[in-house]
Amino acid sequence: MNKFEPVIGLEIHIHLSTESKIFCSCSTKFGNSPNSLTCPICLGLPGVLPVLNKKAFHYAIKSSLALNCQVSESITFDRKNYYYPDLPKNYQISQYGTPVGRNGFLKIKNRSSNPVKINRVHMEEDAGKLIHDQNGKISFVDLNRTGIPLIEIVTEPDIYSPDEAYDFLQELKITILYLEIADCNMEEGSLRCDANISLRKAGDKKLGTKIELKNMNTFKGIRQALEYEIQRQTILLEEGEKVTHQTRLWDPLKQKTTSMRSKEDIHDYRYFPDPDLLTYEISNKMRNKFKDELPELPMAKRERFKKDYFLSEYDADLLVRDKFIASYFEETLKFHINPKAVCNFLTSDMVGVAHEKKIKLSNIKLTPKNCGKILNLVKEGLISIKTAKELLFDLLNYDIDPEKYIEEKNLKQMNETSEIKNVIETACKENSQAVTDYKNGKNSALKFLVGQVMRLTKGTANPAMVNKLLNEKLNKEEGK
Ligand code: ADP
Ligand code: ZN
Ligand code: MG
């Protein structure tokens with residue numbers, strides 16, 4: 001048994017996908033030229049007043065509800081004071097005393113009866129971005145990101161392994177995506193996570209000294225950084241040394257963490273209420289309205305799919321991971337009866353073809369009805385599963401009836417013995433060398449001949465029948 005157990009708490013920042021910033025009307029677009037999306041408010045010039053973005057406020061309430069939080073009856077904003085070149089006001093508007101949500105939880109894989117406790121969900125504005133030149137001599141500042149609305153989600157120290165941290169982040173991301181309030185794009189910094197980790201003697205109640213990990217931009221990186229920290233801290237503790245409170249950075253190339261700053265540098269933020277912003281009420285009526293409007297969330301949907309459609313955990317998870325696929329699945333089931341067949345067709349074939357054709361899933365034109373029809377054609381033996389995949393490739397971008405399409409293109413599966421026998425005759429005549437080779441014991445020649453029959457029938461011949469009939473023919477002649 002392990003002598004030490006890890007305890008992990010996560011702090012996640014997520015950009016809300018509003019058109020404009022949290023306290024001004026500047027655009028939140030990503031990738032514009034530096035400092036082009038700024039105004040006196042987000043630049044923090046004297047004499048300006050912030051006005052709260054209503055959508056950001058509503059999105060924060062929705063996320064709090066989805067994370068099972070108690071929603072505050074009224075909220076206020078506080079100033080978090082610190083100096084940094086990417087923060088023109090020298091304070092960040094955040095929420096300290098009255099966050100939007102408190103005391104929530106999120107169920108994760110393998111821990112559905114013991115969900116991860118969430119301490120709070122609050123709103124704040126993002127800071128700008130510093131860009132350092134390569135030789136480290138000059139730094140630039142881009143204030144386009146200044147004032148982009150964020151929610152910060154803080155978990156309790158209630159996660160007990162790097163795998164659980166990974167599962168939590170996956171579930172959180174999917175849950176937020178289901179709400180359609182953020183894109184959670186980690187590459188663009190729209191979802192960022194700091195992880196806190198301490199070790200304690202197995203069985204102890206008291207928490208150990210925590211290390212804060214920053215600079216991780218993939219969930220896999222977070223899991224690796226946590227695994228590395230467990231090893232590092234275990235060695236320290238086994239040698240009788242102390243872990244000191246630090247912020248450390250994850251280096252994905254070196255696969256290790258290095259110290260960025262120690263506790264001495266930690267700021268006292270001197271939080272105080274922002275006098276420029278009002279108190280915002282969240283009435284019961286408003287809270288209930290948002291609660292009623294919540295979509296079915298991923299964990300509930302997964303459980304329902306397992307129960308109603310007899311799917312495995314794995315299949316249910318593949319479908320639910322994408323809200324569009326999950327609903328497309330249920331729509332298709334109105335036209336084709338077999339859930340497992342629809343699931344496989346969507347999660348492997350359709351996702352694969354869409355990826356290959358570079359079509360966003362939500363933009364495909366093939367309707368669930370036509371998708372169901374394709375699967376019905378397979379079930380009735382009118383087309384092979386291979387043809388079904390080809391149809392998907394051809395029709396993904398169109399609203400075309402697959403039944404008509406296979407008529408027009410002659411794609412119906414050839415199931416007639418006499419028809420297939422005719423093609424086999426032709427294939428054998430055209431490839432007499434292969435026939436001779438087979439008779440001389442070269443077994444691979446049979447495969448080649450099957451291939452020729454499939455080619456001549458444009459892939460429509462029933463492959464099992466081709467195999468059987470060709471075998472019969474060649475071995476009969478052999479025995480003559
Ligand atoms: P701070 O005041 O240093 O910011 P907080 O109490 O606000 O600390 O917690 C910040 C994050 O660190 C939370 O996600 C919390 O769960 C986590 N955390 C706090 N103490 C520990 C600990 N001893 N070990 C692991 N995580 C911790
Ligand atoms: Zn602005
Ligand atoms: Mg904190």
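Here the structure is a predicted model, which means the values were calculated and not measured.
- Residues Thr146 and Asp86 fail the side-chain proximity criterion, which asks for heavy atoms closer than 4.5 Å.
- Salt bridge Glu390/Lys386: present, at least one basic N to carboxylate O contact under 4.0 Å.
- For Val351, the side-chain contact (heavy atoms from CB on, under 4.5 Å) partners two or more places apart in sequence, or in a different chain, are Ile325, Leu361.
- At a cut-off of 3.5 Å, with distance as the only test, a side-chain donor of Gln170 or Tyr166 sits close to an acceptor on the other residue.
- Arg120 places a side-chain N or O within donor-acceptor distance of the main-chain N or O of Tyr96, the cut-off being under 3.5 Å.
- Crowding of Glu188 atom CD: a count of heavy atoms from other residues, nucleotides or ligands under 6.0 Å exceeding 12.
- Remark: Glu125 engages Lys89 in a salt bridge (charged side-chain N to carboxylate O under 4.0 Å, His left out) (not counting sequence neighbours).
- Judged as a side-chain contact (heavy atoms from CB on, under 4.5 Å), and not counting sequence neighbours, the contacts of Arg302 are Glu171, Ile174, Pro298, Met299, Glu313, Ala316, Asp317, Val320.
- Using modelled atom types, no side-chain atom of Ser64 and backbone atom of Val71 make a donor-acceptor pair closer than 3.5 Å.
- Atoms CD and CG, on Glu164 and Asn114 in that order, are 8.0 Å from each other to the nearest 0.5 Å.
- Around atom NZ of Lys409, no more than 12 heavy atoms belonging to other residues, nucleotides or ligands sit under 6.0 Å away.
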Ignoring hydrogens and angles, write down the donor-acceptor pairs under 3.5 Å from the side chains of residues 365-378, residues two or more places apart or on other chains.
unit_1: Thr367; atom_1: OG1; unit_2: Asn370; atom_2: N; d: 3.1
unit_1: Thr367; atom_1: OG1; unit_2: Asn370; atom_2: ND2; d: 3.4
unit_1: Asn370; atom_1: ND2; unit_2: Asp399; atom_2: OD1; d: 3.2
unit_1: Asn370; atom_1: ND2; unit_2: Ile400; atom_2: O; d: 3.1
unit_1: Lys373; atom_1: NZ; unit_2: Asp401; atom_2: OD1; d: 3.4
unit_1: Lys373; atom_1: NZ; unit_2: Asp401; atom_2: OD2; d: 2.9
unit_1: Asn376; atom_1: OD1; unit_2: His336; atom_2: ND1; d: 2.7
unit_1: Asn376; atom_1: ND2; unit_2: Phe335; atom_2: O; d: 2.9
unit_1: Asn376; atom_1: ND2; unit_2: Gly372; atom_2: O; d: 3.4

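- Counted by atom type alone, Ser20 and Ser25 present zero donor-acceptor pairs between their side chains at under 3.5 Å.
- Counting only heavy atoms from C-beta outward, the side chains of Cys343 and Leu318 never approach each other to under 4.5 Å.
- The pair Glu303-Lys306 meets the salt-bridge criterion, with a side-chain N (NZ, NE, NH1 or NH2) lying under 4.0 Å from an Asp/Glu carboxylate O.
- In the displayed structure, Leu294 atom CG is contacted under 6.0 Å by more than 12 heavy atoms of other residues, nucleotides or ligands.
- For Phe105, there are no ring-ring contact (aromatic ring centres under 6.0 Å, His included) partners, not counting sequence neighbours.
- Side-chain N or O atoms of Arg192 include one that pairs as donor or acceptor with a backbone N or O of Gly189 at under 3.5 Å.
- In this structure, the side chains of Arg145 and His15 come closer than 4.5 Å at one or more pairs of heavy atoms.
- Checking side-chain atoms of Gln413 against main-chain N and O of Ser384 turns up a donor-acceptor pair under 3.5 Å.
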Apply the test side chain to side chain contact (heavy atoms under 4.5 Å, CB included) to residues Cys428 and Leu470: give CA-CA distance (whole Å), side-chain angles for both, the deciding distance (0.1 Å), then the verdict. CA-CA 9 Å; Cys428 287; Leu470 197 56; 4.1 Å; yes
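- Cys193 is listed as a side-chain neighbour of Leu169, based on a closest heavy-atom distance under 4.5 Å.
- Listed for the Thr457 side chain is a donor-acceptor partner under 3.5 Å among the backbone atoms of Met454.
- Residue pairs meeting the salt bridge (Lys or Arg N to Asp or Glu O under 4.0 Å) criterion with at least one member in residues 95-109: none, sequence neighbours excluded.
- Contacts classified as salt bridge (Lys or Arg N to Asp or Glu O under 4.0 Å) and involving residues 213-229 (residues at least two apart or in different chains) are given here: Asp163-Arg223, Asp194-Lys214, Glu212-Lys214, Glu229-Arg232, Glu229-Arg248.
- Using modelled atom types, no side-chain atom of Asn217 and backbone atom of Met186 make a donor-acceptor pair closer than 3.5 Å.
- Side-chain N or O atoms of Asn363 include none that pairs as donor or acceptor with a backbone N or O of Ile359 at under 3.5 Å.
- In this structure, Asn431 CG and Thr426 OG1 are separated by 10.5 Å, a value rounded to the nearest 0.5 Å.
- When side chains are defined from C-beta on, Pro463 does not count as touching Val450, because their heavy atoms never get closer than 4.5 Å.
- Residues passing the side-chain contact (heavy atoms from CB on, under 4.5 Å) test with Glu187 are Asn185, sequence neighbours excluded.
- Between Met286 and Ile61 the shortest side-chain heavy-atom distance falls below 4.5 Å.
- In the displayed structure, Phe310 atom CZ is contacted under 6.0 Å by at most 12 heavy atoms of other residues, nucleotides or ligands.
- Annotation: the span from Leu52 atom CG to Ile22 atom CD1 amounts to 5.5 Å, rounded to 0.5 Å.
- Under a 3.5 Å cut-off, the side chain of Asn144 and the backbone N or O of Ser33 do form a donor-acceptor pair.
- In this structure, the side-chain contact (heavy atoms from CB on, under 4.5 Å) partners of Glu156, at least two apart in sequence or on a different chain, are Lys117, Asn119, Asp158.
- Under the 30°/60° scheme for interplanar angles, the aromatic rings of Tyr280 and Phe77 are found to stand perpendicular.
- At least one donor-acceptor pair under 3.5 Å links the side chain of Asp142 to the backbone N or O of Asn35.
- The 12-atom threshold is exceeded at CD of Glu430, counting heavy atoms of other residues, nucleotides or ligands nearer than 6.0 Å.
- Partners of Phe305 under the ring-ring contact (aromatic ring centres under 6.0 Å, His included) rule, at least two apart in sequence or in another chain, are Tyr309, Phe329.
- At a threshold of 4.0 Å, the pair Lys289-Glu293 counts as salt-bridged, since one of the basic side-chain nitrogens sits closer than that to a carboxylate oxygen.
- Annotation: salt bridge (Lys or Arg N to Asp or Glu O under 4.0 Å) contacts involving residues 14-31, sequence neighbours excluded, are absent.
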As a quick check of understanding, evaluate side chain to side chain contact (heavy atoms under 4.5 Å, CB included) for Asn443 and Tyr438, giving each step before the final call. CA-CA 6 Å; Asn443 281 331; Tyr438 179 75; 3.8 Å; yes
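- No donor-acceptor pair closer than 3.5 Å links the side chain of Asn53 to the backbone N or O of Thr18.
- When all heavy atoms are compared, the tightest approach of Leu319 to Leu311 is CD1-CD1, 3.6 Å.
- Under the rule for a ring-ring contact (aromatic ring centres under 6.0 Å, His included), the partners of Phe324 that lie at least two apart in sequence or sit in another chain are Tyr328.
- Ile176 CD1 to Leu297 CG: the interatomic distance, rounded to the nearest 0.5 Å, is 9.5 Å.
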